[in-house]
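In what follows, a structure is listed as structure tokens, so that the remarks can point back to it.
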Amino acid sequence: MRRIGNLFDAILSPGNLWRAWQEFAKGKRQRTTVADFEWRAPQEVLCLHQQLMAENYRPQGYRLKMIHEPKRRLVAAAPIRDRIVHHAIYRILSPLLDPGLIRETWACLPGRGSHRAQIACMGAMRDYPWRLALDIRHYFPSIDHAILLENVMARCIKDRRLLELLRKICQSGDGLYRQPGIGEFLGFPSDFPPAGCGLPIGNLTSQWQANHYLSGLDHHVKRIVQIPAYHRYMDDMLFFAHSKSQLQETRVLVAEWLWEQRRLKLKHPNVAVHSTKQPMTWLGKRISTSGINPSRRLIRKMQCRMTELIRQGDEETIRHAVASYRGVLL
């Protein structure tokens, strides 16, 4: 891929920063922090532009939140000014770099998403007798900043100032996962993650860069390993083939590539290859050759939520929840 330069000025122009602010604020203006920022938005955006152009911009701290569903995660919310920068970068880089992703990559891309990924999975289950599902252990905390910037971003971008800005944003998340109590909550070993690793879940740039971090694996699987059918949603990967032994070999080859090229490990390195006649749960849905249905876990979650709403007696919230769940169940 030809490296792209002269992007820094376009990304950090006042016009692009202002459009990034408007995109970020869409649907959020009722929030107190966003409404307060909007009063002084022109001055804030101009000040942000001047700091960025002078190369003395520094990301501020994160507001951390622990969530338990669908699994334990640490969500880091950046201040509004930093999120404007994230949106400004994404607005310019995404149309330039996303075409390099294969069409079977489904996360964080316009016109794709989990629903289309599930439909593609169902189609593959109908076409092939064997399937293999792999995912990565502690994916976001394990992303190496040096590999991300030098082996992924710098292979497409040759703008020094932009790469330095991306480095600052990556480093702003260094240490988040090593704070006291965070590792225990997330179930990390005592020596994990090492310094220089980890992207905060919550940054738009984190989601986008994490998707590109595995783009090399996508092309390796398609071109070198030559798996007949392959789909990826962030770090959740599905492989389909006519031969069970081919998928067993693929499991080893993928594990080797992940460690050698990205310093990542599979969550379950010895996971079994299954027949596509057996239904599977992927991205919250139970998928089989006959159709797509909510998983048992999702159904239990909806039942608990509706029981709680009925106990509270909030009729307006109940109506919204029923309408939302009907869309999931139909």
Determine yes or no for a side-chain-to-main-chain donor-acceptor pair under 3.5 angstrom, with [X] supplying the side chain and [Y] the backbone.
X: R3; Y: A154; value: yes
X: N203; Y: T205; value: no
X: R29; Y: V34; value: no
X: H49; Y: L12; value: yes
X: D82; Y: P59; value: no
X: R251; Y: V271; value: yes
X: T276; Y: P129; value: yes
X: W106; Y: E104; value: yes
X: N16; Y: A88; value: yes
X: Q50; Y: C47; value: no

[X] [atom1] to [Y] [atom2] distance, which is reported to the nearest 0.5 Å:
X: M125; Y: S290; atom1: CE; atom2: OG; value: 9.0 Å
X: I92; Y: H87; atom1: CD1; atom2: NE2; value: 13.5 Å
X: R91; Y: R19; atom1: CZ; atom2: CZ; value: 5.0 Å
X: K285; Y: I287; atom1: NZ; atom2: CD1; value: 8.5 Å
X: E164; Y: L149; atom1: CD; atom2: CG; value: 9.5 Å
X: S288; Y: M122; atom1: OG; atom2: CE; value: 8.5 Å

For [X], I'd like to know if atom [atom1] has over 12 heavy atoms of other residues, nucleotides or ligands within 6.0 Å.
X: K65; atom1: NZ; value: no
X: K222; atom1: NZ; value: yes
X: R263; atom1: CZ; value: yes
X: N6; atom1: CG; value: no
X: K265; atom1: NZ; value: no
X: H219; atom1: NE2; value: yes
X: R126; atom1: CZ; value: yes

Practice task
Give the C-alpha distance, both sets of side-chain angles, the deciding distance and a yes or no for salt bridge (Lys or Arg N to Asp or Glu O under 4.0 Å) between K168 and E55.
Solution key: CA-CA 11 Å; K168 290 179 182 178; E55 299 186 46; over 6 Å; no
Heavy-atom closest pair, residues [X] and [Y]:
X: G100; Y: S215; result: O-OG, 4.1 Å
X: H86; Y: A78; result: CE1-CB, 4.0 Å
X: G284; Y: S295; result: O-OG, 3.2 Å
X: R178; Y: A195; result: NH1-CA, 3.5 Å
X: C170; Y: L148; result: SG-CD2, 3.7 Å
X: Y62; Y: A76; result: CD2-CB, 3.7 Å

Note, [X] side chain near [Y] side chain (heavy atom, < 4.5 Å):
X: E44; Y: I84; result: no
X: I201; Y: Q207; result: yes
X: L134; Y: T250; result: no
X: I102; Y: V221; result: no
X: I157; Y: L97; result: yes
X: L132; Y: V254; result: no
X: Q51; Y: R81; result: yes
X: I147; Y: R262; result: yes

Hydrophobic clusters here meaning ILVMFWY residues chained together by side-chain heavy-atom distances under 4.5 Å, can you tell me if [X] and [Y] are in one?
X: Y233; Y: I119; answer: yes
X: F185; Y: Y177; answer: yes
X: L253; Y: M237; answer: yes
X: W259; Y: L266; answer: no

Problem - Residue pair N211, T105: steps toward the side chain to side chain contact (heavy atoms under 4.5 Å, CB included) verdict - result: CA-CA 8 Å; N211 204 19; T105 300; 3.4 Å; yes
Applying ring pair (Phe, Tyr, Trp, His ring centres under 6.0 Å), name anything that partners [X], two or more places apart in sequence or on another chain.
X: F239; answer: Y230
X: H212; answer: W208
X: F37; answer: W21

Exercise for the section: Classify the ring geometry between Y128 and H242 as parallel (under 30°), tilted (30 to 60°) or perpendicular (over 60°). Expected result: tilted
Problem - ring pair (Phe, Tyr, Trp, His ring centres under 6.0 Å) contacts touching residues 137-161 (sequence neighbours left out) - result: H138-F188, H138-F192
Exercise for the section: Check the pair I136, M234 against side chain to side chain contact (heavy atoms under 4.5 Å, CB included), reporting the backbone distance first and the verdict last. Expected result: CA-CA 10 Å; I136 295 172; M234 198 56 76; over 6 Å; no
Practice task
Decide whether Y213 and D235 meet the rule of one side-chain donor and one side-chain acceptor closer than 3.5 Å.
Solution key: no
Completion exercise
The remaining residues in the hydrophobic cluster of L109, counting side-chain heavy-atom contacts under 4.5 Å among Ile, Leu, Val, Met, Phe, Trp and Tyr, are L101
Practice task
Please name all residues satisfying side chain to side chain contact (heavy atoms under 4.5 Å, CB included) with D236, sequence neighbours left out, ordered by chain then number.
Solution key: D135, W282, L283
